[in-house]
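Worksheet: one structure, shown below.
Atoms within each ligand, like the ligands themselves, are counted from 1 in listed order.
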Amino acid sequence: MLMTQKSLIEAMRAIIYVEAESIDLARHHPDPEMREVREDFVELLTPIAKAWCTDMGVEVASLTIQIFGGMGYIEESGAPQHFRDSRIAPIYEGTNGIQAMDLVGRKLPMKGGAVVTEFLSIIATLDPVLLRGGAQLGPIRSNLADALTKLADTTYWIMKQGMEDPRDALAGASPYLRMFSLVTAGWLMAKQAIAAKQALDAGEGDRAFLEAKLATAVFFCENILPAATSLAPAVTAGYATTMAVPVDQL
Ligand SMILES: Cc1cc2nc3c(=O)[nH]c(=O)nc-3n(C[C@H](O)[C@H](O)[C@H](O)COP(=O)(O)OP(=O)(O)OC[C@H]3O[C@@H](n4cnc5c(N)ncnc54)[C@H](O)[C@@H]3O)c2cc1C
């Protein structure tokens with residue numbers, strides 16, 4: 001549970017840092033082309049940063065209660081207040097369901113799909129770097145490659161199906177946002193692992209911190225990232241079953 005919390009927090013921070021960096025560069029980079037690229041990044045990643053990080057904030061706060069058991073549940077521990085406070089974030093500033101529909105309905109079609117395609121190809125460029133990292137980065141590489149392949153297939157399904165019947169694409173929007181977020185998080189954890197390994201190999205920096213960073217990234221890619229591939233059937237199931245039960249039977 002502690003490792004789940006640690007890895008989720010590090011992944012969330014990484015997504016938010018990348019988003020914040022992109023906002024700065026979109027506003028202030030001297031090259032207008034670079035400003036446009038970064039603005040596209042901001043647009044694409046906003047629903048990820050908002051929705052996934054707030055959902056995971058609830059999960060991390062809930063885990064705190066679980067870690068402390070019965071003591072965690074009662075008010076005196078302070079943990080329930082964190083859980084209640086975090087629970088609002090998926091609701092306001094655009095509910096997470098609306099963020100998911102924004103990702104599918106507005107962000108994927110940006111520039112005819114070129115923005116998301118470019119984003120997925122940036123993630124793919126990490127593969128040879130991970131390969132050079134040897135056995136230590138092996139589990140990161142294999143899990144990221146599997147999840148990225150599944151995400152790319154699912155993305156093309158959503159874009160194609162969205163044009164044929166948008167109800168199919170929108171019915172899968174929430175699991176798709178989660179899948180997209182997990183892969184984005186896996187990519188950024190992989191980048192952190194590469195940086196940590198390079199520093200360790202060079203004998204630079206705080207060894208204990210860097211070893212923990214590397215182990216946390218491996219943990220994330222082995223234990224949390226694989227959920228991305230299992231979400232694919234939910235994304236591509238279509239809307240028929242979702243709408244099959246009449247409202248008065250719900
Ligand atoms: C503590 C707090 C502070 C707030 N502060 C502010 C503030 O300062 N300023 C401000 O303007 N507002 C504020 N709000 C309001 C907040 O922005 C809204 O609660 C939020 O936008 C959600 O709207 P809603 O509550 O009407 O939920 P609804 O829109 O009714 O949504 C309920 C559920 O239905 C889902 N849903 C809605 N439409 C669809 C759809 N078309 N398809 C599929 N699912 C859908 C949603 O995702 C959600 O899960 C605050 C709310 C709270 C609780």
Side-chain angles (χ1 to χ4, degrees), residues 4-5 8-9 11-13 15-16 19-20 22-23 27 42-66 72-110 113 115-116 119 150-151 154-185 224 227-228 230-250:
T4 299
Q5 288 185 311
L8 283 173
I9 289 168
M12 286 190 271
R13 277 197 187 131
I15 288 177
I16 290 164
E19 182 76 341
S22 294
I23 291 170
R27 285 184 189 161
V42 172
E43 294 282 322
L44 182 66
L45 291 185
T46 294
I48 306 303
K50 194 281 170 178
W52 190 70
C53 294
T54 57
D55 278 344
M56 292 308 104
V58 174
E59 195 161 319
V60 167
S62 176
L63 272 171
T64 301
I65 295 177
Q66 191 69 18
Y73 181 76
I74 61 170
E75 205 60 52
E76 285 85 341
S77 70
Q81 184 65 54
H82 289 296
F83 185 53
R84 213 162 35 246
D85 288 348
S86 66
R87 192 59 191 84
I88 183 57
I91 297 170
Y92 60 22
E93 301 300 338
T95 66
N96 287 359
I98 298 298
Q99 296 289 343
M101 290 196 282
D102 176 55
L103 176 64
V104 165
R106 286 204 288 243
K107 303 303 168 59
L108 295 190
M110 279 166 62
V115 174
V116 68
F119 182 70
K150 213 45 156 183
L151 177 64
T154 311
T155 300
Y156 298 128
W157 183 90
I158 278 218
M159 290 202 289
K160 183 171 159 291
Q161 201 63 25
M163 282 193 278
E164 284 172 24
D165 190 340
R167 291 174 297 183
D168 279 335
L170 291 173
S174 287
Y176 178 73
L177 181 141
R178 181 150 302 203
M179 191 182 189
F180 197 108
S181 304
L182 284 165
V183 175
T184 305
I224 294 175
S230 67
L231 286 164
V235 179
T236 57
Y239 82 99
T241 316
T242 309
M243 302 304 285
V245 179
V247 173
D248 63 358
Q249 295 298 314
L250 289 171

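Within the 4.0 Å cut-off (strictly below), a protein heavy atom is located near atom 43 (C) of ligand 1. Atom 10 (C) of ligand 1 lies below 4.0 Å from none of the non-hydrogen atoms of the protein. Remark: atom 40 (C) of ligand 1 lies closer than 4.0 Å to at least one protein heavy atom. Under the 4.0 angstrom criterion, atom 18 (C) of ligand 1 counts as lacking any protein heavy-atom contact. Using a 4.0 Å threshold on non-hydrogen atoms, atom 32 (C) of ligand 1 does not count as touching the protein. Put simply, atom 22 (C) of ligand 1 has protein non-hydrogen atoms near it, under 4.0 Å away. In this structure, atom 52 (C) of ligand 1 is in close contact with the protein, since a protein heavy atom lies within 4.0 Å of it. The presence of a protein heavy atom under 4.0 Å from atom 15 (C) of ligand 1 is ruled out.
In terms of N/O distances under 3.5 Å, ligand 1 is not approached by Y92.
Not one N or O on the side chain of K107 forms a donor-acceptor pair closer than 3.5 Å with the backbone of A100.
At least one side-chain heavy atom of L151 sits under 4.5 Å from a side-chain heavy atom of Y176.
When every heavy atom of E19 is checked against every heavy atom of A49, the shortest pair comes out as CG-CB, 4.4 Å. Annotation for P47 and L103: closest pair CG-CB, 4.0 Å, computed over non-hydrogen atoms. Listed here is the closest heavy atom pair of A171 and G238: CB-O, 3.9 Å. Between V235 and W157 the shortest heavy-atom distance is O-CZ3, 3.6 Å. Contact record, Y92 with K50: O-NZ, 2.8 Å, taken as the closest heavy-atom pair.
Looking at atom 46 (C) of ligand 1, its nearest protein heavy atom turns out to be T95 OG1, 3.3 Å.
When the options L170, I91, I98 are ranked by their closest heavy atom to atom 37 (C) of ligand 1, first place goes to I98.
Only the side chain of I88 comes within 4.0 Å of ligand 1, counting heavy atoms alone; its backbone N, CA, C and O stay farther away.
Q161 and D165 share no donor-acceptor pair across their side chains, judged by distance under 3.5 Å alone.
With ligand atoms numbered from 1 in the order given, ligand 1 contributes 40 (C), 41 (N), 42 (N), 43 (C) to contacts under 4.0 Å with heavy atoms of M101.
Under the 4.0 Å criterion applied to side-chain N and carboxylate O atoms, R84 and E75 are assigned as salt-bridge partners.
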